[in-house]
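These notes are about the structure you will find just below.
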Amino acid sequence: MSPSRSKRSGNIAEVQPTSHGSMESLPVDHLEWVEAWGMADKAMSYVFRPSTVERLEKVFALARETGRKIGLKGGGNSYGDAFLNEEGITLDLSRMNRILEWDPETGIVKAEPGVTLANLWQYIVEDGWWPAVVSGTMNTTLGGCLGMNIHGKNAYQVGPFGNHVLDFEILLPSGKRVHVTRESDPDLFHGAISGIGMIGVFTWIRLKVKKVHSGRLRIWAKQARNFHEMVELFEENASSMDYMVGWSDCIARGRNSIGRGEMHFARQLPPGEDRYAAQSLRADRQALPDNIVGLIPKSISWKLMKPFVNDWGMWLINTAKFHAQKRPGAEKPYFQSHAEFHFLLDYVPNWKESYRPGGLIQYQSFVPREHAARVFTEQIRLSQQRGIYPYLGVTKKHIPDDFLLTHGVDGYSLALDYPVTAKNRRALWRLCHEMDELVLAAGGRFYLAKDSTMRKGTVARYLPRENFERFKALKQRCDPEGLLSTNMFRRVFGASPAPDEQLERHHKGVANSA
Amino acid sequence: MARHRKAIIVGASSGIGAALSRLLVRQGYKVALVARREEALKELATSLNRNKGDRALYYPHDVTHFAEVPQLFQKITHELGGFDLIVYCAGVMPEIAPDEYNIEKDRLVFEVNVLGAMAWLNEAAARCEVQETGTIVGISSVAGDRGRKGQPVYCSSKAALNTYLEGLRNRLGHRGVKVITIKPGPVKTPMTEGLTLPFMITDEQAATGIAKAIRRGCNTTYVPFIPWFFIMTIIRMIPSFLFRGKNI
């Protein structure tokens with residue numbers, strides 16, 4: 001890929017050197033605003049979307065020639081700045097999206113990193129398989145799933161995504177392509193998975209998916225009056241349920257009401273129970289409905305949500321939802337397709353648009369079981385005291401794992417969605433830092449796919465020292481030039497721009513959209 | 001470490017450009033100084049950094065070397081970490097005799113005042129169009145409002161700059177980009193050295209007026225607004241056959 005000028009610059013191709021040594025030359029027609037999924041941060045970068053490994057290698061060469069850093073982007077579903085790379089190169093891998101091998105007998109699939117979970121489940125579901133771990137959206141790519149080591153609603157049973165990876169090939173910044181298994185290079189295996197794209201680029205991934213005997217799940221909904229009760233219900237049901245999740249109303253006040261909400265428990269159907277399994281396993285039967293309650297086209301639903309995306313609107317919705325759950329028969333089991341149950345974030349397309357112009361961040365913390373209910377309660381209480389209400393809280397149960405930048409604990413996670421406005425931004429960042437201290441004091445951890453606010457030094461405080469040192473050594477071994485870097489990596493591991501930088505950018509964005 | 005707004009000042013080594021650079025740094029900007037004279041730039045950057053830390057980068061460049069601009073612009077945005085504001089201050093007004101017609105001088109005027117501005121501001125505009133934010137400022141002159149017999153080419157270069165900036169404004173306004181035309185009256189700078197002109201202000205006063213216009217996001221403004229807005233409104237209305245006889 002030779003550096004070229006865009007059509008905008010016409011025939012200006014001859015470049016005189018200046019007295020400042022070598023000059024960069026990146027094609028300006030690759031310059032794009034790249035926006036975090038939560039829309040609260042964005043960055044200008046030169047975006048390349050290679051479709052082959054050879055083109056990918058050329059982007060590395062170009063980065064080296066021009067002295068730019070490379071940040072990796074998959075589906076762009078990280079809430080914060082995990083894939084933003086201000087003034088650098090963004091390597092968008094979404095076009096490397098071929099499923100290379102599939103064995104319906106063993107459930108082993110080999111695919112390129114840009115294959116999304118949607119591509120994957122649509123390909124395998126009719127053979128009676130489903131990805132072992134899925135996120136709340138089906139738009140995440142396999143590369144992203146590995147890089148962030150995502151977890152699902154079954155994290156307490158099967159751990160994170162990386163647990164189901166058999167092997168992969170990775171292109172290191174040095175240009176070396178390495179086939180990695182757990183045994184061949186344990187640090188590279190456990191560091192590249194979870195390594196937020198800072199070790200290398202996966203060129204293919206082989207993983208094991210899970211057998212399903214029906215396209216449907218049996219769901220139970222139960223009400224929890226607070227976080228303590230929610231944790232009790234998780235513990236009671238963990239051995240009998242395949243998936244568990246709790247949705248909390250974080251606006252409800254009162255000593256015994258903090259964290260109140262609805263829990264969903266799901267169980268796969270055993271072999272033979274679904275007499276029409278072949279029908280329910282059809283990909284089109286899994287598809288999410290096109291409208292809401294049979295009336296409102298989903299494409300415009302976010303516009304109807306907009307008037308409710310404020311403290312009072314969310315209080316109204318949460319309260320109504322909580323009381324609706326008290327109606328007779330609300331706890332009766334019902335069926336949902338796998339896609340309907342798992343991919344709630346895709347249910348209303350573009351729902352996040354209702355959070356513009358400021359966007360949203362998600363604050364997700366992982367706290368050991370014995371402290372979880374207390375810490376989560378304190379987090380919500382603190383938010384309420386500061387007058388910054390999370391509009392949604394999602395609780396899941398987890399187990400520890402072996403990956404270097406692990407977020408797994410023997411405990412629970414709470415993900416809180418906070419709206420960001422020009423007015424609340426500084427206070428929100430301060431609140432998150434206060435909540436960080438609660439989590440750290442309880443021996444908790446954080447998940448970088450969701451993070452927007454963490455300060456430099458926090459990773460070293462929550463991660464086991466050995467993991468931190470091994471990751472640092474791995475980064476030095478695989479990327480001694482530091483070619484792979486992102487805004488998040490610089491914020492969390494390197495020279496830290498203060499939150500003021502994001503604040504400034506945000507204000508600019510708000511002013512422009514006003 | 002707080003994040004600074006970022007400005008590129010083209011024509012920063014003296015006059016309005018230097019004064020504006022000093023003012024912007026005081027206002028919290030990190031600046032990239034671009035001009036032909038390396039020594040003067042270095043001196044300015046050193047003095048700015050001495051007072052405010054690492055806030056000024058400098059790039060020697062002749063604005064008539066148009067081909068250098070795209071890559072230099074990219075280098076600056078990389079090292080500066082993007083940009084929020086670009087001000088094109090470079091300008092020349094060669095001394096010409098009342099009966100002199102010199103295409104070499106005229107060409108230089110257009111190369112510096114117009115084509116150089118286009119080379120730099122085109123780059124900025126292309127980027128602003130993508131980032132949907134940013135402020136582009138061109139330092140024009142009251143001289144661009146009429147064709148004066150003393151400086152026909154200088155006046156027409158500023159008129160061309162005005163029209164170009166208006167075109168950019170119309171093209172980028174809906175993308176959230178501000179394009180500002182500044183029309184200063186006479187300013188005491190090396191360019192006006194030895195001239196006696198009415199309502200002359202210092203470069204520091206001009207910089208203050210420009211910074212105010214940037215803050216307000218005006219489309220076009222005179223600096224100082226009073227009296228030049230009123231004077232130029234009247235002058236623009238003078239019919240050509242009357243203007244011809246005046247020694248303006």
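Every chain is numbered from 1, with letters handed out A, B, ... down the list of sequences. In this text the structure is predicted, and so the values were computed from the model without any measurement.
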Does [atom1] belonging to [X] count more than 12 external heavy atoms closer than 6.0 Å?
| X | atom1 | answer |
| --- | --- | --- |
| A/Lys306 | NZ | yes |
| B/Arg55 | CZ | yes |
| B/Gln27 | CD | yes |
| B/Arg107 | CZ | no |

Problem - Considering all heavy atoms, the nearest B/Val130-A/Leu31 contact - result: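 So the minimum-distance heavy-atom pair works out to CG1-O, 3.4 Å.
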Problem - Over all atoms of both residues, closest heavy-atom pair of A/Tyr46 and B/Arg127 - result: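 In terms of heavy atoms, the two residues are closest at OH-NH1, 4.5 Å.
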From [X] [atom1] over to [Y] [atom2], what is the distance, rounded to the nearest 0.5 angstrom?
| X | Y | atom1 | atom2 | result |
| --- | --- | --- | --- | --- |
| A/Glu32 | B/Gln131 | CD | CD | 13.5 Å |
| A/Thr66 | B/Gln71 | OG1 | CD | 10.5 Å |
| A/Met44 | B/Thr133 | CE | OG1 | 10.0 Å |

Exercise for the section: May I ask you to decide if A/Leu26's main-chain N or O and B/Gln74's side chain share a donor-acceptor pair within less than 3.5 Å? Expected result: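 Checking the backbone N and O of A/Leu26 against the side chain of B/Gln74, a donor-acceptor pair under 3.5 Å is found.
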